[in-house]
Protein chains: 2
Amino acid sequence: MNLLFKALNDATRREILKLLKEGDKTAGEIADHFHISKPSISHHLDLLKQAGLVAAEKQAQFITYSLNTTVVDEIAQWFIQFKTKKK
Amino acid sequence: MNLLFKALNDATRREILKLLKEGDKTAGEIADHFHISKPSISHHLDLLKQAGLVAAEKQAQFITYSLNTTVVDEIAQWFIQFKTKKK
DNA sequence: TTGATATTTAGACAAATGTCTAAATAATTC
DNA sequence: GAATTATTTAGACATTTGTCTAAATATCAA
């Protein structure tokens with residue numbers, strides 16, 4: 001839970017998740033969407049991966065990133081505990 | 001959105017939200033649940049308030065904090081955008 | 001094997017964060 | 001009004017974070 005919220009606590013990383021929602025992308029394609037150096041994006045991708053929010057797969061010289069919807073659902077559950085309060 | 005995720009990115013603050021889910025509490029009552037100084041808890045409460053996650057109401061010399069479920073729902077919405085991916 | 005491309009790792013640095021103690025503010029009670 | 005209680009504000013300090021440049025690793029293509 002800690003790594004999850006930590007990963008979400010950055011506008012760039014949340015934007016990356018939105019990008020991946022539209023489809024898988026390589027690290028380079030993702031970096032092209034931002035005015036931030038590639039090493040910085042690489043670091044953001046690493047944090048998202050640590051949190052389980054994205055998965056990385058190496059294909060030839062590229063690394064393709066994809067959204068892990070299972071974990072996104074998991075965190076949605078966290079909020080539901082607050083909604084289902086009736087008393 | 002920024003302030004919201006920032007506020008959620010701390011275990012103590014998430015624990016405070018869970019406490020308030022059970023019912024309103026004064027700043028002192030909240031502080032008693034943690035092994036952290038009162039000024040630190042006060043600071044956490046301030047961040048939660050800035051994010052709109054809690055509301056504060058002064059009653060005599062006490063300040064009672066309550067959970068703002070509307071904002072909790074709002075952030076739940078943020079995750080739904082990832083769930084409703086069909087293509 | 002040499003050169004080019006894709007990506008990460010390493011290290012540095014300024015800014016933000018969580019915590020503390022001491023002091024300030026506000027309300028209550030004697 | 002002085003002492004007590006509840007809470008916050010102010011300031012300090014160590015740790016974490018986001019960014020960068022330079023260098024390392026890996027794959028491809030000639």
Side-chain angles (χ1 to χ4, degrees), chain A residues 1-20 22-68 71 75 78, chain B residues 1-20 22-68 71 75 78:
Chain A
M1 211 81 243
N2 239 316
L3 284 176
L4 261 174
F5 280 110
K6 176 176 165 180
L8 290 166
N9 186 31
D10 180 272
T12 300
R13 290 196 287 272
R14 292 196 298 272
E15 194 63 32
I16 289 174
L17 293 179
K18 272 197 195 172
L19 269 180
L20 292 180
E22 305 305 326
D24 299 355
K25 288 195 171 35
T26 67
E29 286 171 335
I30 293 167
D32 289 345
H33 280 79
F34 301 92
H35 298 154
I36 294 178
S37 74
K38 283 175 185 186
S40 293
I41 294 293
S42 183
H43 180 232
H44 284 310
L45 289 169
D46 186 44
L47 290 179
L48 288 170
K49 198 167 61 178
Q50 278 180 46
L53 283 163
V54 306
E57 193 187 355
K58 182 143 199 173
Q59 292 170 334
Q61 73 270 79
F62 303 94
I63 298 180
T64 299
Y65 283 87
S66 58
L67 188 64
N68 184 348
V71 174
I75 198 160
W78 190 85
Chain B
M1 211 81 245
N2 240 317
L3 284 175
L4 261 175
F5 280 109
K6 177 176 163 180
L8 290 166
N9 186 32
D10 180 272
T12 300
R13 289 194 288 271
R14 292 195 298 272
E15 194 63 31
I16 290 175
L17 294 180
K18 273 195 193 173
L19 270 179
L20 293 180
E22 306 305 326
D24 300 356
K25 289 196 171 34
T26 68
E29 286 171 334
I30 293 168
D32 288 345
H33 280 80
F34 301 92
H35 299 153
I36 294 177
S37 73
K38 282 176 186 188
S40 294
I41 293 295
S42 184
H43 179 230
H44 285 309
L45 289 169
D46 186 44
L47 291 179
L48 288 170
K49 199 168 61 179
Q50 279 180 45
L53 283 163
V54 306
E57 192 188 355
K58 184 143 198 174
Q59 292 171 333
Q61 73 269 81
F62 303 95
I63 297 180
T64 300
Y65 284 87
S66 58
L67 188 64
N68 184 347
V71 174
I75 199 162
W78 190 85

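In what follows, chains are A, B, ... by sequence order, proteins preceding strands, each numbered from 1. Just so it is clear, the structure is predicted and the values come from calculations on it, not from any experiment.
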Check: What nucleic acid atoms does Leu47(A) come within less than 4.0 Å of, heavy atoms only: base, sugar-phosphate, or nothing?
Finding: sugar-phosphate
Next item on the list: Give one of base, sugar-phosphate or nothing for Asp46(A), where a contact means two heavy atoms less than 4.0 Å apart.
Entry: nothing
Notebook entry, point to check: Rounding to a whole Å, what distance do you find between His43(B):NE2 and dG11(D):P?
Noted result: 14 Å
Notebook entry, point to check: Between Arg13(A) and Lys58(A), which has a closest nucleotide on DNA chain D that is more 5'?
Noted result: Arg13(A)
Checklist line | Pairwise 5' ranking along DNA chain D for Asn9(A) and Gln61(A), keeping only the more 5' one | finding: Asn9(A)
Checklist line | Check: Glu29(B) side chain, Thr26(B) main-chain N or O, donor-acceptor pair, under 3.5 Å | finding: yes
Checklist line | Selection from dT9(C), dT17(D), dG18(C) that lies nearest to any side-chain heavy atom of Pro39(A) | finding: dT9(C)
Margin query: Without decimals, in angstroms, what is the distance between Leu45(A) CG and dA6(C) P?
Written below: 16 Å
Next item on the list: May I have the distance from Glu57(A) (atom CD) to dA6(C) (atom P), rounded to whole angstrom?
Entry: 19 Å
Check: For Ile36(B) and dC20(C), what is the distance between atoms CD1 and P respectively, to the nearest whole Å?
Finding: 6 Å
Margin query: For a quick test of reading the model: is some side-chain N or O of Lys6(B) closer than 4.0 Å to OP1 or OP2 of dT17(C)?
Written below: yes
Check: Is any side-chain heavy atom of Ile30(B) less than 4.5 Å from a side-chain heavy atom of Tyr65(B)?
Finding: yes
Next item on the list: Find the distance Phe34(A):CZ to dC20(D):C1' and express it as a whole number of Å.
Entry: 17 Å
Note to self: For the backbone of Gly52(A) and the side chain of Asn68(A), can you confirm whether one donor and one acceptor N or O come within less than 3.5 Å of each other?
What the structure shows: yes
Checklist line | Of the listed nucleotides dT19(D), dT8(C), dT7(D), the one nearest the side chain of Ile63(A) | finding: dT8(C)
Item checked: Among dT8(D), dT19(C), dA6(D), the nucleotide that comes nearest once only the side chain of Tyr65(B) is considered -> dT8(D)
Next item on the list: Select one nucleotide: of dT7(C), dT7(D), dA27(C), the one nearest the side-chain heavy atoms of Ala60(B).
Entry: dA27(C)
Checklist line | Donor-acceptor contact present, side-chain Arg13(A) to main-chain Ala7(A), <3.5 Å | finding: yes
Check: Using a cut-off of 4.0 Å on non-hydrogen atoms, how would the nucleic acid contact of His44(A) be classed: base, sugar-phosphate, or nothing?
Finding: sugar-phosphate
Notebook entry, point to check: Within less than 4.0 Å of OP1 or OP2 of dT19(D), is there a side-chain N or O belonging to Ser37(A)?
Noted result: no
Next item on the list: Could you tell me the separation between the CG atom of Leu3(B) and the C1' atom of dA16(C), rounded to a whole number of Å?
Entry: 13 Å
Margin query: Does dG18(D) have OP1 or OP2 under 4.0 Å away from a side-chain N or O of Thr12(A)?
Written below: no
Next item on the list: Send over the distance from Leu8(B) CG to dT17(C) C1', rounded to a whole Å.
Entry: 16 Å
Note to self: Whole angstroms only, please: what is the CD1-P distance between Ile41(B) and dA6(D)?
What the structure shows: 16 Å
Checklist line | Verdict with supporting geometry, Ile75(A) and Leu8(A), side chain to side chain contact (heavy atoms under 4.5 Å, CB included) | finding: CA-CA 11 Å; Ile75(A) 198 160; Leu8(A) 290 166; 3.3 Å; yes
Notebook entry, point to check: Under 4.0 Å between a side-chain N/O of Ser40(B) and OP1 or OP2 of dG18(C), yes or no?
Noted result: no
Notebook entry, point to check: Quick one: does Leu4(B)'s side chain get under 4.5 Å of Trp78(B)'s, heavy atoms only?
Noted result: no
Next item on the list: Please determine if a side-chain N or O atom of Ser42(B) lies less than 4.0 Å away from the OP1 or OP2 oxygen of dT7(D).
Entry: no
